[in-house]
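The structure appears below as structure tokens.
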There are 2 protein chains.
Amino acid sequence: MTTQHRHRRRDRSEVPARAGYGHLRHPFAPQGTFSEDEVAAMHDTALRVLENLGIRVLLDEARALYRAGGAIVDDSAQMVRIGREMVEAALATAPRSIRLRAADPGHEQRFEPGALLLEAGSGCPNVTDRLRGRRAGSRETYVETLRLQQSFDVIHMHGPSAEPQDVPTDLRHYALMEDQLTNCTKPLFVYARGRGQVEQSFEMIRLARNLDEAAFQDGVWATTVINSNSPRQLDVPMARGIIDFARAGQLSLITPFCLAGAMAPVTMAGALVLQHAEALAGITLAQLARPGAPVAYGGFASNVDMKSGAPAFGTPEHIRANLGSGQLARHIGLPWRSASGAASNVADAQGAQETVMALWGALLAQATVTIHAAGWLEGGLTFGYEKFIIDIEALQTVAELCRKAPADMAALAYDAIAEVEPGGHFFAAQHTMERYQTAFYAPLVADLSNHGQWRENGSLTADQRATAIWQRVLADFTPPAACEGVAERLAPYLAEGRRRGGVAPEG
Amino acid sequence: MTTQHRHRRRDRSEVPARAGYGHLRHPFAPQGTFSEDEVAAMHDTALRVLENLGIRVLLDEARALYRAGGAIVDDSAQMVRIGREMVEAALATAPRSIRLRAADPGHEQRFEPGALLLEAGSGCPNVTDRLRGRRAGSRETYVETLRLQQSFDVIHMHGPSAEPQDVPTDLRHYALMEDQLTNCTKPLFVYARGRGQVEQSFEMIRLARNLDEAAFQDGVWATTVINSNSPRQLDVPMARGIIDFARAGQLSLITPFCLAGAMAPVTMAGALVLQHAEALAGITLAQLARPGAPVAYGGFASNVDMKSGAPAFGTPEHIRANLGSGQLARHIGLPWRSASGAASNVADAQGAQETVMALWGALLAQATVTIHAAGWLEGGLTFGYEKFIIDIEALQTVAELCRKAPADMAALAYDAIAEVEPGGHFFAAQHTMERYQTAFYAPLVADLSNHGQWRENGSLTADQRATAIWQRVLADFTPPAACEGVAERLAPYLAEGRRRGGVAPEG
């Protein structure tokens, strides 16, 4: 029985299968780190920041929307002061539950409080693996990382793990969308890099998925991350993205990147006040552009290393920021995005510790989606293939905890305990024989063999073992059935777009 | 400012200091994995196991105590059946809060629900480090590991990390106690290896700490771990240990080691039923030996690898076992011990992931003490020096979360936010300058430098960096003031005991 069991998990085709992790709900009660009074004070201080100090908005169109909504706008200074009644009105119309559509209906998600969604490390300019080394992201590695995301059930939304830097920026959105649409069946991301690229990206989704405008707006087909330029600034493409996604009924995750001590106050409470003010400003803009538009709160605060200026992840401050962000999101009642990730340069013990620590912070904070949950190294400068595989183990461990363990009479095992004599063992008990094949999580990369066996097998560390796993996953990849015909449907549009030279990103 | 900050954490004398982690309370609400009804059913099933099936007790003296207490005893089969009224009586007299004494009064602890105590990886026959390799534990490494424990505030109780296998077993208890008493000032452990060794160990504590019998029994000076021989068996030294520690007013952590699928049912609910039954049997024996004796519930269930028979740690099953154990401990109202640890053969990403996952399981389960929290490799077969340092980082991260972050008006930072212009930074803000030195946790082994700098520094992984840290800690170690004169006070007793050939452990 044991050989069979081990063989089962070593079977090549088994690596990515691991079904049943596709739809998760948080298994733990949300935890906080600030008192309710303190959370209310943070919310109130953020409102004071918006109404008294204001936020600089670089896009004319956005300032006009704010002004029309009642804000006090100084166009020469590009400053917008937003009254709390405007924020309250926006929070009243922002939806609490959002349907994320997907090419495979089995991959649809509800983006709402209580849901537990996970996304791979995203936005990395570089990639690294043990075979090819650290290098700039390319279209080849962009496709590979999408396929890794697609292959594991525990990844619920797609993200741009590797930036295809070998594609010119005017044409890059074509590649970003084409590769997602032909390889992926989970909810998609679209970069907010200006109206032209966004509109073309939406059009490609409609073409690939055979959607008319009404079908495209029936739920969310595309999600973007909006990073304000902390402190208190919203640049042109981000402001445009909020407006364009809102009007098209697509989802913006409004995520200030507030590093305490750098772009935000050195206290976590202060950093969260700034984050909250900026997120509320973005949420308000989305609701001004289209009341009821899907939009989510985003928290991505941590501390900065005071020497290098590098962001820290998995630190006490990062965990505390996650907990506080969750409290603020619950305070306003919106679903929200968080992040885990690592600052480590390599997929070693530091990297694992940072990511798992940060992951638990996001879990206890009850984040709706946790981005950068697998593969993120160097604070996001590099996506690691081995790191991705190692982190998937952590995510699958969490996913298992979302299931209920049996505790019926048979599971309580009184009869099995009666059957085995004192000092004996349960290996051959009927109760064991009936269950051993599915009783335990079978590790993806962890090696439980004893020291002698481990040495015989080459004394491989986890990152060394992970190399073979991602290679196998990529070798086994076949484009999903739901992507059939997509390349053909997109081809004329792409040819025409590329012939015209594409669209410049909006600066 | 930044150079100074970095210099501060690189200062040699700073490594072990890290004060303020010495007394922790759980920061999160306890979480469960079974419903209240299921927990009640597990408790009831355990009582049925004890009253109907019974437990084999190999020690005559223990069976006599059970019989006198009302149990149905079959001496020929060595079986003891314990009625639920006996268990209830024992739970009524077992204390809920236990004072752990220490040579340094600042290291005393309350062992009670809500307290968060951490102990190093213990009971390892082998040790490993990157300089000297993997080898059998010796007296030298026993002393070194005690000094590592003593040097970090976040370790709250001592444990036998490395077994001094070069000391004959008849004399080993002398070494175990002498080295603790001369190097350590936190609550002590004593192995329950028979009445003779236990009595001599207690006598050494009295001599070293200048205690008469009344002072020795005023609170707990010694703690032991009692492992039943699952399933349903209590051997001679363990039963004797429960009796002797109870009568001397010292603490037994009654800890069945229930590996689901091996010594326990393959279902976690069933494994916990067996654990609960055995723990209740031990707790009952302690209270029969002396009502009111300090005793704690112990949970150490996990799953076994079905191929190798090796125990798994940090797996979903291990986390679930921790959560369920915490629920059962709260059901009976006792403080309890848990464990983290790793199955990994090396201090790599797997090892870090396993230990941090298991640690969070113990945290959410609100374990009173978590043993094996630093340094445990190979499921306890080896104590790793680098692993210890890496795990200390995780423990310190948790300890930071036990503190309250400031959220007063100044921390909310409205004025600082007003001071910094949109798009600016907070590096030089007055608010930052006043706080940066103490605002963030300074890592022990994590390296936050960027990729270029990290490569310039030799591309060291966390385990490689950890080597220099434990070396520095050991080089800097000086025996604490509270241990002055101890060696001299013990010398005549030890000389006499050794001259007599010591005492054989009880088999």
Side-chain angles (χ1 to χ4, degrees), chain A residues 2 5-6 28 31 34 38 45 49 53 56 229 231-233 265-270 273 303 305-307 310 315-317 320 343 345 347-350 352-353 356 360 390 394 397 400-401 405 407 411-414 416-418 420 422-423 432 435-436 439-441 446 448 451 454 461-462, chain B residues 2 5-6 28 31 34 38 45 49 53 56 229 231-233 265-270 273-274 303 305-307 310 315-317 343 345 347-350 352-353 356 360 390 394 397 400-401 405 407 411-414 416-418 420 422-423 432 435-436 439-441 446 448 451 454 461-462:
Chain A
T2 53
H5 180 76
R6 168 58 69 92
F28 302 115
Q31 306 289 310
F34 295 105
E38 288 168 347
T45 307
V49 167
L53 306 178
R56 182 184 289 159
N229 312 96
R232 292 193 291 131
Q233 185 163 293
V266 74
T267 52
M268 287 318 302
V273 163
N303 65 304
D305 181 84
M306 293 306 285
K307 165 130 197 293
T315 54
E317 291 73 28
R320 203 184 294 282
N345 279 280
D348 65 348
Q350 176 184 337
Q353 196 171 74
V356 178
W360 278 97
I390 290 168
T397 298
E400 288 282 333
L401 292 173
L412 292 176
Y414 179 89
I417 293 171
V420 176
T432 305
R435 292 169 176 81
Y436 76 93
F440 307 140
Y441 169 73
L448 301 184
H451 194 75
W454 176 75
T461 52
Chain B
T2 54
H5 180 75
R6 169 57 69 91
F28 302 116
Q31 304 291 308
F34 295 105
E38 289 168 346
T45 307
V49 167
L53 305 178
R56 183 185 287 160
N229 312 95
R232 292 193 293 131
Q233 184 163 293
V266 73
T267 52
M268 287 318 303
V273 163
L274 182 63
N303 65 303
D305 182 83
M306 292 307 285
K307 168 131 196 293
T315 55
E317 290 75 27
N345 279 280
D348 65 348
Q350 176 186 336
Q353 197 172 72
V356 178
W360 278 97
I390 290 166
T397 298
E400 287 283 333
L401 291 173
L412 292 175
Y414 179 89
I417 293 171
V420 175
T432 305
R435 291 169 176 80
Y436 75 92
F440 307 140
Y441 169 73
L448 301 185
H451 195 74
W454 176 74
T461 51

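- Between chain B and the options A:Ile417, A:Val49, A:Thr461, heavy-atom pairs under 4.5 Å are most frequent for A:Ile417.
- With rounding to the nearest 0.5 angstrom, the OG1 atom of B:Thr315 is 8.0 Å from the CG atom of A:Leu448.
- Here B:Asn303 contributes atom CG and A:Tyr441 contributes atom OH; the two are 11.5 Å apart, rounded to the nearest 0.5 Å.
- Note on A:Ala462, A:Ala349, A:Ala352: by heavy-atom pairs under 4.5 Å with chain B, the leading option is A:Ala349.
- Per-residue heavy-atom pair counts under 4.5 Å with chain A were compared for B:Ala347, B:Ala418, B:Gly423, B:Ala439, and the maximum is reached by B:Gly423.
- Minimum heavy-atom separation, A:Arg232 to B:Val420: NH2-O, 2.9 Å.
- Two residues are said to be in side-chain contact when any heavy atoms from C-beta on lie closer than 4.5 Å; B:Val266 and A:Phe440 meet this criterion.
- Here the CG-OH distance, from B:Leu274 to A:Tyr414, works out to 12.5 Å after rounding to the nearest 0.5 Å.
- Every residue meeting the side chain to side chain contact (heavy atoms under 4.5 Å, CB included) condition with B:Ala394, not counting sequence neighbours, appears here in chain and number order: A:Gln353, A:Met357, B:Val356, B:Leu359.
- Residues B:Gln31 and A:Gln31 share a closest heavy-atom pair of NE2-NE2, 2.8 Å.
- Across B:Ala413 and A:Thr267, no two heavy atoms sit closer than the pair CB-OG1, 4.2 Å.
- Ranking B:Ile390, B:Thr397, B:Val273 against chain A, the residue ahead of the rest is B:Thr397, based on heavy-atom pairs under 4.5 Å.
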